[in-house]
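The structure appears right after this line, and notes come after that.
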Amino acid sequence: MNTERIRSLSIQGAALLALSACVAFFSLNAIENMQALGLTTGLGFMGQTAGFDISFSVISYDRTSSTFGRVLLVGIANTLAVSSLAIIIATIIGMIVGIFQLLENWPLAKLCRTYIELARNVPLLLQLVFWYTCVLSALPHQKSSLSFMDSVFLNVRGVFMPWPEYSDGTRAFYVACALSITALVYLVRRSRRVQEESGEGKAVFIPFLLTTVGLIGGAWMIFGQPANWTYPVLKGFNFKGGTWLPPEFMALLIGLSLYTAAFIAELVRGGILAVSQGQREAALAIGLTNWQTMKLVMIPQAMRIIVPPLTSQYLNIVKNSSLAVAIAYPDIVSVFTGTTLNQTGRAIEIVAITMGFYLCVSLIISAFMNWYNRRVALVERT
Amino acid sequence: MTTPDHIMERAAPANATAAVWVHQNLLKSPLHIFLSAMSISLGLFVAYHVLNWAVFSATWSGDSQDGCNPDGACWPFVIVRFNQFMYGFYPTDQQWRVNIIAVILLAGLAWLSIRATPWKAYVLGFLVLGFPILTFILLSGGLGLEKVSTSKWGGLTLTLTIAVTAISVSLPIGTLLALARRSKMPVVSVFAVTFIEVIRAVPLISVLFMASVLLPIFLPAEVTVDKLLRALIGVALFASAYMAEVVRGGLQAVPIGQSEAAKSLGLSHWKTVAFIVLPQALRLAIPGIANTFIAIFKDTSLVIIIGLFDLLGMINAGVNDSRWIGMELEGYAFAAAIYWVFCRSISRYSQRVEKESNFGHS
């Protein structure tokens, strides 16, 4: 026992010593190299005016007055915008494709497998450049845009669509939405309480629908319409009004969603298959309907298996959105770790900030999914 | 014996004829009929257009874009540039060296995938440990061979070089990290956890940026690190962190009784780990290891962002050639086919090994 402790302590001491020696070696080199190049450290550059254009930003940005700090925020906002949309779309497609494969329909299953095998075995970068250069850059020009109902336009410059703008009724609309969500929470709780006490179900959907329609309709009647929609209109060579998403954004969104959806589909399929068939038979035997069996027995158990790997797929989406740099979508890596680093030369600070950002996002998503996982996890005897 | 009254006589179950199969798998209910019709027509539509473009309307010979049918693929682009896609800018008279490596690699892989061959473990050991050294000597020159600068390496050769290096480095380092993470020594495990979690939390691009921008700052001024070596360090570090988690999963799945039994037989800690726990853990981790291999192989395409010309990089360079305009689809389809074949082979092979599971016992 005693010799083991001594051995353990000496190994740890040696490891610590080696680690500090490495750190010291690297820092001494860094100091020397930076002195030789006349570089300084510090975050002072974040206040300097950036002076370069950014092609697309979900928050306001101005070339002449915005600072490098603002560039960082633009990058973060753009990364989060594309990743959060991709997470939603990938989850929906993944769920659908995963369930489609279990319907025992041969042509449908074959189609789904082909898609999954193709999407999973080709690098995402290749898929992104394919969507960008072969699909979105091959769209028609502004004059001959593809249009849907004369309000959404698709062309080589991106997607143009209607956008709600602030109006007199907007605030009342938000208040009405908040109230109807509160009503939904109350109705669900009451229904659960009544069910536990009496075993009788209590309707939730119809009262909720009535409340919502009443609240939002009332707000609309009294305070005016919730938003002024502006529509894109072709003026000269370009569209004015509405909102616009560049092809880089679309390519990244489509590529990320379709790539990750293939992995999510496999998770969903595996998760549902892993719930034992006996559970389903037992649920049907005690008289639950097909839908109740799915909702109350199969899905809760499948979720336990699906959620942990789903977390890493969501993290992968955020991390993979950094491939934006290859198709010039201005995400954090492209505008901050790329352009800002080239202009300021502050390699250490910029790489550290970038990695810190991804670390934070990872921690937040992991924390949320862990919380969710605890909710769906099996409660065992303690 | 007579049948009781309340049980009706029924026809014997239908045999598995084609008609029954079609009914069961395509036409069970109106919903299924609809889904079948939709998927068959979508499948046929896509297949027709893909085949029409890639085969029926495609042009297969010629040496310029002029002779190409605009409705189909222009394969002369790929044929003319095939050498570059495979070898990059490697000198033509030295390409036999790359070919030797390819032959050894293919022979080794074939050896591993044929069931009856003996000494699989040694062949695998050579591929993971000895082969990268041999590759390095053959590719870069020295020992009487003409030196070829790494800036000339490119195409599929470079993709495979990076992938094989990352794979063979990540397996031992990942195993060590996994053992360190499970170690009871706090200094060692905290170091391993920090390394693994930080690397896994950030994208490969930022690790590559770190390797390519920060490495020169953190090393003495007189040491210059080759661009390829920086990429290799980045990819290998990244792959090791992922491999560590896969191996840790395998280690956790080995029952504690195994190491207790080994200890009670008098095996030392390291012998227990090396001869009892690790072989079982690695075998359990085969699917995860294969998935990591596939991920690494696909991830090598990111090195174009720090300015290396791997397979995708060479294709991008070819696409930007002014003598061949609008060849993106041909180039990317060719690259996708190569990546697909490699990744699919790895996953099929791992599925087979997993099923047979006699790995390391021959």
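So you know, we letter chains A, B, ... as the sequences are listed, proteins then strands, and number each from 1.
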Identify which part of [X] has an atom lying under 4.5 Å from any heavy atom of chain B, answering side chain, backbone, both or neither.
X	result
A/V129	both
A/E32	neither
A/L118	both
A/M355	both
A/N33	side chain
A/E117	both
A/T337	both

Please look at [X] and chain A and tell me whether the side chain, the backbone, both or neither of the residue comes under 4.5 angstrom of a heavy atom of that chain.
X	answer
B/P216	backbone
B/L329	both
B/L35	both
B/L219	both
B/F191	side chain
B/L302	both

Worksheet, complete the sentence: Among residues 13-23 of chain A, those lying within the under-4.5 Å heavy-atom range of chain B are A/A15, A/L16, A/L19
Worksheet entry | Those residues of residues 339-350 of chain A, ordered by number, that approach chain B below 4.5 Å (heavy atom to heavy atom) | A/L341, A/A347, A/I348
Practice prompt. With rounding to the nearest 0.5 Å, note down the distance linking CD1 in B/I305 to CG in A/L125.
Written response: 5.5 Å
Worksheet entry | chain A contacts, top residue of B/S206, B/A37, B/P220, B/S301 (heavy-atom pairs, under 4.5 Å) | B/P220
Worksheet item: Between B/L42, B/L31, B/I217, which residue shows the highest count of heavy-atom pairs closer than 4.5 Å to chain A?
Response: B/I217
Distance-only donor-acceptor pairs under 3.5 Å for side chains of residues 192-200 of chain B, two or more places apart:
residue	atom	partner	partner atom	Å
B/T194	OG1	B/V190	O	2.5
B/E197	OE2	B/R181	NH1	2.9
B/E197	OE2	B/R181	NH2	3.4

Worksheet item: What pairs with B/E328 under salt bridge (charged side-chain N to carboxylate O under 4.0 Å, His left out), at least two apart in sequence or on another chain?
Response: none
